[in-house]
Undergrad: 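Sharing a structure, written as structure tokens. Questions coming.
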Amino acid sequence: MNDNESKLAWLLALSADADPARVAETHGVVIGLLVAGPKQSDQELADQLAALQVGDWDSDKIQQQLGPAISTLRSELGSPDMDFKPLLPTDDRPLEERTRCLATWVTGFLAGFGTSGRRIDGGDAAEALRMLEQIARAGLDPEADDEAQEEAFAELSEFVRIATLLLREESLRKSA
């Protein structure tokens, strides 16, 4: 089982739902918590996930079952190669599903990030948060052609990825 299959397996278990949007939302919540508190312990993260009632696991079970997957996520977020990507359906899935999952991922991310109470005081990070709030309401334009919508989805997905990494760097800078 590769890292992506491992992450997907634990997210399915944690989200207690095979719906791609619920899995994306759960991944977004976990990433939001990790980005807002990049130096928090696995126990602190598990406590926050349990308090948010992500799935029906308590913090001990989360920590025991998900430790390796959380380590993988931390590594991706901290990779100098910028390996992190939101967990979304693959390109062979319908654009409508991928767009819905991207919006749901961002909603989960904002919920996880917001739980920390971390303040962003302007600059690129604050602008990134404002843009993410808009992306959380993303949908398809019935009047746009398929190619334009595919390009827009690709651009939004890349923005979400870069914004996530930017917000993590801002959180690291503020917690130093």
Side-chain angles (χ1 to χ4, degrees), residues 1-17 21-88 101-133 135-136 157-176:
M1 182 179 288
N2 67 32
D3 283 345
N4 282 338
E5 290 170 338
S6 171
K7 282 188 292 191
L8 182 57
W10 75 259
L11 283 167
L12 283 170
L14 186 59
S15 69
D17 196 330
R22 293 284 298 153
V23 173
E25 179 183 40
T26 301
H27 187 253
V29 169
V30 173
I31 296 299
L33 289 168
L34 287 171
V35 164
K39 295 185 178 185
Q40 69 186 314
S41 70
D42 287 351
Q43 183 63 54
E44 290 170 318
L45 177 64
D47 290 347
Q48 286 182 318
L49 286 169
L52 288 171
Q53 297 178 339
V54 175
D56 59 359
W57 294 3
D58 65 20
S59 64
D60 289 336
K61 186 172 180 183
I62 290 170
Q63 191 172 4
Q64 291 168 2
Q65 299 291 321
L66 306 182
I70 289 171
S71 293
T72 299
L73 292 174
R74 285 184 197 276
S75 294
E76 286 178 4
L77 285 167
S79 168
D81 297 329
M82 297 176 30
D83 291 336
F84 167 75
K85 290 182 182 150
L87 186 61
L88 300 170
C101 289
L102 178 63
T104 306
W105 188 94
V106 171
T107 299
F109 174 84
L110 292 171
F113 189 85
T115 298
S116 73
R118 180 165 301 282
R119 287 185 43 93
I120 302 294
D121 301 322
D124 291 341
E127 181 62 24
L129 272 176
R130 281 191 289 280
M131 293 293 295
L132 287 173
E133 289 170 357
I135 293 170
S157 297
E158 182 63 8
F159 177 83
V160 167
R161 187 179 83 78
I162 298 300
T164 299
L165 296 170
L166 172 72
L167 288 165
R168 180 181 178 275
E169 289 304 312
E170 180 71 11
S171 294
L172 280 170
R173 189 179 63 75
K174 288 202 172 206
S175 64

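Bear in mind the structure is a predicted one, so any value in this text is a computation, not a measurement.
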Undergrad: Starting at CH2 of Trp105, measure out to CD1 of Ile135 and round the result to the nearest 0.5 Å.
TA: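 Reported to 0.5 Å precision, the distance equals 10.0 Å.
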Undergrad: Any Lys/Arg nitrogen of Arg173 or Glu170 sitting under 4.0 Å from an Asp/Glu carboxylate oxygen of the other?
TA: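 The answer is yes: the pair qualifies as a salt bridge.
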Undergrad: Run the salt bridge (Lys or Arg N to Asp or Glu O under 4.0 Å) test against Asp42 and tell me which residues pass, sequence neighbours left out.
TA: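 With neighbours one apart ignored, the set is Arg74.
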Undergrad: I need the Leu77 CG to Ile31 CD1 distance, nearest 0.5 Å.
TA: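 Atom-to-atom, Leu77:CG and Ile31:CD1 are 4.5 Å apart.
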Undergrad: For the atom pair CG (Leu165) and CZ (Phe84), what is the distance rounded to the nearest 0.5 Å?
TA: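 It is 6.5 Å, given to the nearest 0.5 Å.
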Undergrad: Give a yes or no on this: more than 12 heavy atoms of other residues, nucleotides or ligands lie within 6.0 Å of atom CG of Asp124.
TA: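 No - once you tally the heavy atoms of other residues, nucleotides and ligands closer than 6.0 Å, there are 12 at most.
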Undergrad: Please report the interatomic distance CD(Glu25) to OG1(Thr104), rounded to the nearest 0.5 Å.
TA: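 Here the interatomic distance stands at 6.5 Å.
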Undergrad: Partners of Glu158 by side-chain hydrogen bond (donor to acceptor under 3.5 Å, both in side chains), sequence neighbours excluded?
TA: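 Checked Glu158 against side-chain hydrogen bond (donor to acceptor under 3.5 Å, both in side chains); matches are Arg161.
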Undergrad: To the nearest 0.5 Å, how far apart are SG in Cys101 and CZ in Arg22?
TA: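 Reported to 0.5 Å precision, the distance equals 11.5 Å.
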Undergrad: Taking atom CG of Leu49 and atom OG1 of Thr26, what is their separation to the nearest 0.5 Å?
TA: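 Taking CG in Leu49 and OG1 in Thr26, the distance rounds to 9.0 Å.
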Undergrad: Who passes side-chain contact (heavy atoms from CB on, under 4.5 Å) against Ala163, sequence neighbours left out?
TA: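 Ala163: side-chain contact (heavy atoms from CB on, under 4.5 Å) contacts with Ala128, Leu132, Phe159.
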Undergrad: Which heavy atom of Leu88 sits nearest to which heavy atom of Ser157, and what is that distance?
TA: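 In terms of heavy atoms, the two residues are closest at CD1-OG, 4.3 Å.
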